[in-house]
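What's counted below: heavy atoms across the whole structure, side chains too, no hydrogens, waters or symmetry copies. The sequence lines fix the lettering, A, B, ..., with proteins before strands; numbering per chain opens at 1.
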Protein chains: 2
Amino acid sequence: MPDTRDTTAPAPLTADFFDPACPQSAMPIRIGEKWAGMVVACLADGPRRFSELKVPLRGITPKVLTETLRALERDGMVTRTAYPETPPRVEYELTDLGRTLLGPIQACREWAAENLPALLAAREAHQEGLDRR
Amino acid sequence: MPDTRDTTAPAPLTADFFDPACPQSAMPIRIGEKWAGMVVACLADGPRRFSELKVPLRGITPKVLTETLRALERDGMVTRTAYPETPPRVEYELTDLGRTLLGPIQACREWAAENLPALLAAREAHQEGLDRR
DNA sequence: CGGGATCCACTATGATACTG
DNA sequence: CAGTATCATAGTGGATCCCG
């Protein structure tokens, strides 16, 4: 296999990021904000209740969790089922479309597990370089 | 293969999102903002110059591109090489660590290619549901 | 329990103009 | 060319209180 990194200049960039009408096509999982990926991951094993989701997402406010779930619902990623009981019970579950997100999310989490230490080390080294000036 | 979705309640959530000291461990590629993933993708084929990167990321302002590149540099994802010429020339290139990002990014882009239409359709259907009220 | 309503703070992103 | 400086804005996240 030849070295793909030749000494000549690489081909001109013919990016298509914006052609498919999606400015975020490289990173669609950032559906709106920072919690969506974690919420989807929490729903991987089956339906969950509102307060059940708050536990692992520690610190998330009800408002933000609601907004995140509404955005995911709007995009067809989760379904919301309210049971007319007292006390009320609401369950959120991934749709088939939502489950397709688990692949990319898992890829990202594995990346983090493997490479986050290196990232943090690089960041710290960089900080030291700044401190020594 | 048995159905993994049993009728009993799924196991309690034992999320580890925050245990590894990284609140974003599920989504580290969102290193800071929305452009980082696209910038890394643009660097996939070799070093690129500042103004070369601006083309595919159409509309990005120099300020934001600089900030994005600095953040990636700080985290050890790209190197910055300035050539003392006139006119000045600066090249950005992925490090080995930065290249590990290409996998997850590619997974996300493939997800978008396959499922973005469904997402947009769901969003539109949801909007119609609201309109008809 | 599962939110909705307000108000507030921060940060990412952007437009514009200028410089080594 | 490759940025920096300044200003302005909007999206996001959060605190707090309230309700069916």
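- For R49(A), a side-chain nitrogen or oxygen approaches OP1 or OP2 of dG2(C) to under 4.0 Å.
- Between E67(A) atom CD and dG4(C) atom P there is a gap of 9 Å when expressed in whole angstrom units.
- Distance CG (L65(B)) to C1' (dG3(D)): 10 Å, rounded to an integer number of Å.
- Nearest-nucleotide assignment on DNA chain D puts the 5′-proximal partner with R80(B), out of P62(A) and R80(B).
- Counting heavy atoms from C-beta outward, W35(B) and L65(B) have side chains that stay 4.5 Å or more apart.
- Set against dC1(C), dA2(D), dC1(D), the side chain of P87(B) has dC1(D) as its closest nucleotide.
- L102(B) places a side-chain heavy atom less than 4.5 Å from the side chain of L94(B).
- Counting non-hydrogen atoms under 4.0 angstrom, Y92(B) reaches the backbone sugars and phosphates but no base.
- Remark: C1' of dC1(C) and NZ of K54(A) are 9 Å apart, rounded to the nearest angstrom.
- For E114(A), the side chain to side chain donor-acceptor pair (under 3.5 Å) test picks out no residue, with sequence neighbours left out.
- When side chains are defined from C-beta on, E67(B) does not count as touching R70(B), because their heavy atoms never get closer than 4.5 Å.
- Taking atom CG of L69(A) as the reference point, atom P of dG3(C) lies 8 Å away to the nearest angstrom.
- Looking at heavy atoms from C-beta onward, E93(B) lies out of side-chain contact with L43(B) at the 4.5 angstrom threshold.
- G98(A) approaches V40(A) most closely through the heavy-atom pair O-CG1, 4.2 Å.
- Contact detail for P104(A) and A107(B): the closest heavy-atom pair is CG-O, 4.0 Å.
- Residues that satisfy the salt bridge (charged side-chain N to carboxylate O under 4.0 Å, His left out) test with R89(A), not counting sequence neighbours, are E85(A), E91(A).
- Spacing between atom CD of E91(A) and atom C1' of dG2(C) amounts to 13 Å, rounded to whole angstrom units.
- Every residue two or more places apart in sequence or in another chain that forms a side chain to side chain donor-acceptor pair (under 3.5 Å) with R80(A) is listed here: Y92(A).
- The closest side-chain heavy-atom distance from I105(A) to R109(A) is below 4.5 Å.
- Within the structure, every side-chain polar atom (N or O) of T66(A) is placed at least 4.0 Å from both OP1 and OP2 of dG3(C).
- In this structure, E73(B) atom CD and dG3(D) atom C1' are separated by 13 Å, rounded to whole Å.
- Put simply, the side chain of D75(A) does not reach to within 4.5 Å of the side chain of H126(B), judged on heavy atoms.
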Which atom pairs link the protein and nucleotides 18-20 of chain C when you take only N or O atoms and keep those under 3.5 Å?
none

Are any protein N/O atoms closer than 3.5 Å to N/O atoms in nucleotides 7-10 of chain C? If there are, list each pair with its distance.
none

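- The side chain of S51(B) places an N or O atom within less than 4.0 Å of a non-bridging phosphate oxygen (OP1 or OP2) of dA2(D).
- One finds a side-chain N or O of R70(A) lying less than 4.0 angstrom from the OP1 or OP2 phosphate oxygen of dG4(C).
- Contact annotation: the side chain of V64(B) never approaches that of L57(B) to less than 4.5 Å [non-hydrogen atoms, C-beta and beyond].
- The CH2 atom of W35(A) sits 12 Å away from the C1' atom of dT12(D) (whole-angstrom rounding).
- Between the CG atom of L57(B) and the C1' atom of dG3(D) there is a distance of 16 Å, rounded to whole Å.
- Direction of the helix axis in the helix from dC1(C)-dG20(D) to dG20(C)-dC1(D) shifts by 50° between the two five-pair termini, rounded to 10°.
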